[in-house]
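Computed from heavy atoms alone, side chains included, the values below leave out hydrogens, waters and symmetry copies.
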Amino acid sequence: MRGLLGRISVIGGFGVLVAMGGLAGCGTMSPSNAPIDCNVVKVQLQDGKTDAQIAADLGAPVDKVAACHGPEKSGNKSSGMVPSNY
């Protein structure tokens, strides 16, 4: 009986550690840490939405949405960042 209780306590302790590690990892997977797709923001701005509405739709902070204003930084042809020999 003593050996069985020891095994159960080791398994239970391991389960608690796994659960704590899983909960700690959830903070890094939250949408607020995800990068913002500025192309999506620009399309929604063209549709007349405000930064606050877009941020609420994306689950992101307003300052990250506001950072998408201005010239493109994506490296496509319209931004002028692609070498001319392509």
Side-chain angles (χ1 to χ4, degrees):
M1 189 65 151
R2 184 179 230 174
L4 179 63
L5 288 176
R7 288 182 191 156
I8 291 174
S9 65
V10 169
I11 292 171
F14 181 72
V16 169
L17 286 175
V18 169
M20 289 173 56
L23 289 175
C26 288
T28 61
M29 301 302 282
S30 68
S32 63
N33 292 333
I36 301 295
D37 185 356
C38 288
N39 292 327
V40 171
V41 172
K42 288 178 192 257
V43 169
Q44 290 187 3
L45 285 171
Q46 290 172 353
D47 288 342
K49 290 190 174 185
T50 65
D51 286 349
Q53 290 171 330
I54 297 169
D57 291 345
L58 297 176
V62 177
D63 59 340
K64 282 191 173 184
V65 171
C68 287
H69 295 290
E72 290 185 35
K73 300 175 186 170
S74 64
N76 62 20
K77 277 188 166 183
S78 65
S79 67
M81 299 178 88
V82 176
S84 60
N85 59 352
Y86 285 139

Quick one: CD on Gln53 to CG on Leu58, what's the gap to the nearest 0.5 Å?
-> 11.5 Å
Show the numbers, then the answer: is there a side chain to side chain contact (heavy atoms under 4.5 Å, CB included) between Asp57 and Lys49?
-> CA-CA 10 Å; Asp57 291 345; Lys49 290 190 174 185; 2.7 Å; yes
Can you name the side-chain hydrogen bond (donor to acceptor under 3.5 Å, both in side chains) partners of Asp37, sequence neighbours left out?
-> none
When every non-hydrogen atom of Cys68 is compared with those of Ile36, the smallest separation belongs to SG-CG2, 3.9 Å
Kindly indicate whether the side chain of Asp51, heavy atoms from C-beta on, has any atom under 4.5 Å from the side chain of Asp63.
-> no
Under 4.5 Å between side-chain heavy atoms, hopping through other hydrophobics if needed: is there a path connecting Val41 to Val62?
-> no
Same apolar cluster: Leu45 and Val43, side chain cutoff 4.5 Å = no
